[in-house]
Structure formats: C-alpha cells, structure tokens
Amino acid sequence: MATAIKMPALSPTMEEGTLAKWLVKEGDSVSPGDILAEIETDKATMEFECIDEGTVGAITVPEGTENVKVGTVIAVLDGDASDVGGADAGAEVKDVPGEGKDVGREAGSEGAQPPEAKPAPKECANDPEIAEGTSMTSVTVREALRDAMAEEMRADDTIFVMGEEVAEYQGAYKVTQGLLDEFGAKRVIDTPITEYGFAGIGTGAAMGGLKPIVEFMTFNFAMQAIDHIINSAAKTNYMSGGQMRCPVVFRGPNGAASRVGAQHSQNYGPWYASVPGLVVIAPYDSRDAKGLLKAAIRSPDPVVFLENELLYGKSFDVPDVDDWVLPIGKARIMREGSDVTIVSYSIGVGFALEAAEKLAGEGIDAEVIDLRTLRPLDADTVLESLKKTNRLVVAEEGYPACSIASEISAICMERGFDYLDAPVLRVSDEDVPLPYAANLEKLALIDAERIVKAAKKVCYKD
Ligand SMILES: Cc1ncc(C[n+]2csc(CCOP(=O)(O)OP(=O)(O)O)c2C)c(N)n1
C-alpha cells in the first residue's frame, strides 16, 4: 500500500520549511530510522527520519523548495503520486484529521488514534435532568470547552484566561477561539513562555478575588509550574483555616497524543489526584467537557482540568439548555452491563466502550464507568457496579504504577473484597517513557483489544 510522506512539523510553531536536501532517491529501499531528508526552518536545519519501511516510489517536492507547508506530501513510499491523491501530492494537506496546527502533531502520523466518537448515554443518574424534547447539538470537545469559558466569562467579569498563545493565536489547539475578540486583551492574555510565572500570577489573582483560567499548552509544561499548583493553590484553603480560597482553573491537554515523544506524552491525572486540596477533572466527551469546565470555573477551590488532544476534534452531543453544568465528583455509567465492570476516564472511555462492543459479540455483557472526576473519586459508583458484576477492570491511558487504576484496585480490595470473584486487573500503557517510533508507540499504549483480553480473563473466559 502506498504511504504518503508529509512535510513534518519539527517544532510546535513550525508552519512551513525548506526542503533543503533529499538523502534518498526514487527506487531506494528505506527502513524506520533512516534519514530521508534535511529540512530547514527559520530556526535550524533538522534531519527528517523515516518511520515506515518501503521503497521510495516518488519524490513529489524537489530539494531546494522553500516555503513547503507542514502536511504537504513530499514523497510517496511503495507507489506514486496518483496513489495518494494524484494532483494533491505536493500540495498542502489541509485536512489533517482532527487538528489544525497542533503542538508537535506531525501531519499524517500514524500514532495512537482514539476510537470513533460514540453518543453519550441519554441519562446519567447524578446529572441535571434534561427535559423531554430538549434538542441536542453535536459539537467538538474543543468547541464545548470554548463555549463553557465564553458563557462563564459573560456571566462573571472576574473570570479571565491566560497562557501561551491563548489570545492572538486563539490557543495552540484553538480552544480559546473567538475569546479575544469577544472579551478583549484585558481578559484574554498572552503570556511569555513562563509557566512558573503565569501559574503564580493566576494563583495570586485567585487568592485576591479574581477567577483565572490558566491554560497550559500541555500539562507536560505545567511541570515548570507545579510548585504553584501544589504548594500554593492546593494549600490555600487549608493553611488559611478556610479564610482564603483559591478559585483558579489550570487547564490544557494531558496524556499521550500522537507521535510527540516521551516528554510530551504523559498523563498527570494520578499525580494531581494524589494531592489534597485540588479538584481533578478529566472529561471524555463534549457534554462533560462543557458541563464540567463550567463547574470547574465556579469551584471555590483550585481545579486541574485535564483535556486530551486526540479528543479535541471529536464531536459529541451537548444538550441545548441555557446553563449546562455538571456535578463535580460524580462518575457516570456509560453502558450498563452485568458480567464485568470496566472503569476508565478521558480517552480511555472510548477504548472501554469499543471493548464493551467487542465483548458483547462474545457474549460478555460489560458495564462501562467514566470516572469524570479523579479527585474526589466517586468510589461509591464503582463499588455499586462491582456489587452487580463481581469483576472489574480499570483501563487507563497512563503509567501502570501508582495510577488511578492502582487506587481503584485498592478501594475494591478494601471496601469491595466480598464482592470480588476475580482479582481487579489494570490495563495501562507499558511502564516505559512513551517511545517516539510509531510502531513502538502503538505497542506501548492501551487499546480496546487489551481491555477485551483483561475482561475475558476476569470472567475466566480467556
Ligand atoms: C516549558 C515549555 N513550555 C512550552 C513549550 C512549547 N514550546 C515549544 S517551542 C515554543 C515556542 C518557542 O519560542 P521561542 O522561545 O521564541 O523560540 P524559537 O523556537 O521561536 O526560537 C513553545 C511555546 C515547551 N517546549 N516547554
């Protein structure tokens, strides 16, 4: 099968580059790791590595070409230009699935992709009631997050957003689209690349009575700011004896994306969820992204709001109601079942739902729980389900050790021991820094198949 090789984004801000030199020619055999070309940006000259195996069938952009847009097909493996869109080869690829210009996203990369979006269940026990006949609008998770911020900002002028590229560029992932136009530069603020600085300003502003929303370009970069989140924001209420609150929201993408390497592919859910004083939310779909972000902005305590880059472009229904706000700390049952419970959150929910469909085909009826909030954790909903199914698997896109899955497993052992007919199993990423190579990345991340396998094992049907 022909594979299009596209102009890579070699830095978060790269939009185009010069194809300085080809190091392979048509007819050459290539393997993963071979250097295909040298690409020049205004910052540096970088080597472009091959991630596939094959024969160079066509070079569609000659060396020396300047201003080649990221995503342009520059060569074809095992085929020619007509196999990858003919006239389009060599032209800019405008329709990169899911994203526009995202941090580190390499157009055409083949890393982890979330399963197709599925509609959320119509009713969730703890959610506000949706009146019969209420219409639904399908919106992307990205739009849902923006709508949540915009609605809250309209209602409360103490709310402001700040972070790298949130204003003029409208967000590295376009989540703050339209906010600068509507609310102006005083409330939508571009910061320098100083996570420690602007997380501190946000925390201080919250202590002083404002309601900041601090966007991190990804939570990986919040490592720079973690002292303010944990030592300042999380402790304020406790250390002031309740005299001072800190209503700040720290939000941004979290977890593995697609081929952005070990330092940009980490799930901080378990880290923050271990800290008393923080609220930690990790939504899956648009209705939760909107309803929970609105709740987070209204929270009197600091919230770490973990989004997922791969879900930003997915569409799900959101109820057309004036003020869609969801309760913090309540899990939801995404699919009812009686044989095994699969607990997950964020992107893992999509994999869990996919696994449940596959299990149904094999006669295993799985219940899927979306935790939604990681702190406070809704242990009761998990235990109620365990009471019914007696078997439980936790699916988590993250490291296995000291994880949310470990926590759920402990809760089931401590409070649900008598209900268990099998050990709780954790399905997590491999216990390694996420590999960059596409084939290894795929092997390291969770998927529906692994969840199916674990579910069958706890049902003693493997
Ligand atoms: C701590 C941290 N925050 C944010 C980023 C994302 N990031 C990577 S490059 C970049 C822009 C860098 O701009 P500049 O410092 O002007 O350097 P340039 O690459 O333009 O020379 C950003 C925001 C990062 N890698 N690390």
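Excluded from the calculations below are hydrogen atoms, water molecules and symmetry mates; all remaining heavy atoms, backbone and side chain alike, are included. In each ligand, atom 1 is the first atom listed, and ligand 1 is the first ligand listed.
- Counting the atoms of ligand 1 from 1 in the order shown, those under 4.0 Å from a heavy atom of M217 are 6 (C), 23 (C).
- By the criterion of a heavy-atom distance under 4.0 Å, the side chain of E195, and not its backbone, is placed next to ligand 1.
- Between V161 and M149, the closest side-chain pair of non-hydrogen atoms falls below 4.5 Å.
- The side-chain hydrogen bond (donor to acceptor under 3.5 Å, both in side chains) pairs that include a residue from residues 175-188 are R154-E182, where partners are two or more places apart or lie in different chains.
- When non-hydrogen atoms are compared, ligand 1 lies under 4.0 Å from the side chain of E164 (C-beta onward) but not from its backbone.
- H228 and F250 have their aromatic ring centers separated by at least 6.0 angstrom.
- Between K294 and E151, at least one side-chain N (NZ, or NE/NH1/NH2) sits under 4.0 Å from a carboxylate O, which counts as a salt bridge.
- Annotation for ligand 1: atoms under 4.0 Å from non-hydrogen atoms of Q224 are 1 (C).
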